[in-house]
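Heads up, the thing below is written out as structure tokens.
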Amino acid sequence: MAFVLHDVFGLEFGRIADLLDVSVPGARQLASRARRRVAKAKQSMPQASKAERERVLDFPCRVRGRDLASLVRLLHPVAVYVTDGGGKVFAARKLIHDGERVAEVMVLVGRQWHPDRIDFAEVGGELALVFYREGRVYSVDTVQITDGLITAYRRVINTDKLVRV
């Protein structure tokens, strides 16, 4: 909880300590332990090859919101769609679960978006799709792949985070 409150919501450790009824050093320790667990879990996840990521990421570029059935076949049945608008731009506020529902949302969004161009780029050590509109970065999308299927599709459209891309 301390990890989420600090790293996601930006609360200071003094406030977190009050909320969790622990000392400030205790709150810091809880967050530190959680960060280590997350890092360890991330390392233990098998990473798809660059070629596999390119194959999977290339699909939204080609489909552009027109082929629901093919997109569903690319998504794991328990896939999740995560958006980060940071409260600055419109984005889904809740995770979208289920491969079919994720595909429906992606098709809907694909029909509404009209990017100037889409490029592959390395962002945060991951291969990503970078969408441009009016000459500026509009979103950065990454995927988690397991057994050749997308298990998580992440889209960052938070303008504060995109200035560094």
Side-chain angles (χ1 to χ4, degrees), residues 1 3-5 7-10 34-165:
M1 180 62 84
F3 165 67
V4 172
L5 291 172
D7 291 21
V8 176
F9 295 108
R35 277 188 211 101
R36 284 194 299 271
R37 284 193 299 270
V38 168
K40 185 177 179 182
K42 219 175 175 181
Q43 289 173 351
S44 67
M45 279 187 204
Q47 292 293 320
S49 69
K50 183 177 180 183
E52 180 74 356
R53 287 182 181 280
E54 283 179 1
R55 179 189 70 80
V56 170
L57 280 171
D58 187 50
F59 187 80
C61 294
R62 288 182 284 113
V63 173
R64 296 260 180 124
R66 290 185 291 271
D67 189 353
L68 180 64
S70 294
L71 185 53
V72 168
R73 285 192 298 274
L74 190 61
L75 291 161
H76 194 280
V78 297
V80 63
Y81 180 71
V82 182
T83 59
D84 177 1
K88 308 263 183 212
V89 295
F90 178 75
R93 294 194 312 214
K94 294 183 179 181
L95 300 178
I96 298 168
H97 297 273
D98 181 85
E100 285 189 42
R101 180 70 184 125
V102 170
E104 290 168 0
V105 169
M106 290 179 73
V107 166
L108 179 66
V109 169
R111 288 181 180 150
Q112 294 172 355
W113 280 24
H114 301 287
D116 301 334
R117 76 176 206 263
I118 305 169
D119 293 333
F120 284 113
E122 180 114 352
V123 177
E126 292 186 66
L127 185 63
L129 280 179
V130 180
F131 291 79
Y132 294 85
R133 283 174 72 180
E134 299 175 8
R136 294 191 331 223
V137 174
Y138 183 74
S139 84
V140 173
D141 296 7
T142 58
V143 294
Q144 179 178 323
I145 302 168
T146 305
D147 298 327
L149 298 174
I150 297 172
T151 53
Y153 194 100
R154 297 178 186 90
R155 174 167 281 154
V156 175
I157 51 180
N158 179 339
T159 54
D160 292 342
K161 292 181 180 179
L162 297 176
V163 296
R164 293 177 243 140
V165 178

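Keep in mind that the numbers below use all heavy atoms, side chains included, and drop hydrogens, waters and symmetry copies. Each residue takes its place number in the sequence, starting with 1. A quick note: this is a predicted structure, and the numbers were derived from the prediction, not measured.
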Mind checking salt bridge (Lys or Arg N to Asp or Glu O under 4.0 Å) for Arg133 and listing every partner two or more places apart, or none if nothing turns up? none
Which residues pass the salt bridge (Lys or Arg N to Asp or Glu O under 4.0 Å) test with Arg35, not counting sequence neighbours? Asp7
Look up atom OG1 in Thr151 and atom CD1 in Ile145, then write down how far apart they are to the nearest 0.5 Å. 8.0 Å
Taking side chain to side chain contact (heavy atoms under 4.5 Å, CB included) as the definition, give me every residue that meets it alongside Val137, ordered by chain and number, with sequence neighbours left out. Val130, Tyr132, Val140, Leu162, Val165
Closest heavy-atom pair, Ser139 versus Ile157, reported as atoms and distance to 0.1 Å, is CB-CG2, 3.2 Å
Of the non-hydrogen atoms in Arg154 and Val143, which two are nearest, and what is the gap between them? NH1-C, 4.4 Å
Partners meeting salt bridge (Lys or Arg N to Asp or Glu O under 4.0 Å) with Glu100 (sequence neighbours left out): none
Pairwise distance CZ(Arg155) to OG1(Thr142) - rounded to 0.5 angstrom: 10.5 Å
The reported gap from CD in Gln144 to CD1 in Ile150 (rounded to nearest 0.5 angstrom) is 10.5 Å
Nearest-0.5 Å distance, CG of residue Asp119 to CG of residue Leu129: 9.0 Å
Residues that Val105 engages under side chain to side chain contact (heavy atoms under 4.5 Å, CB included), provided they are two or more places apart: Tyr81, Ile96, Arg101, Val109
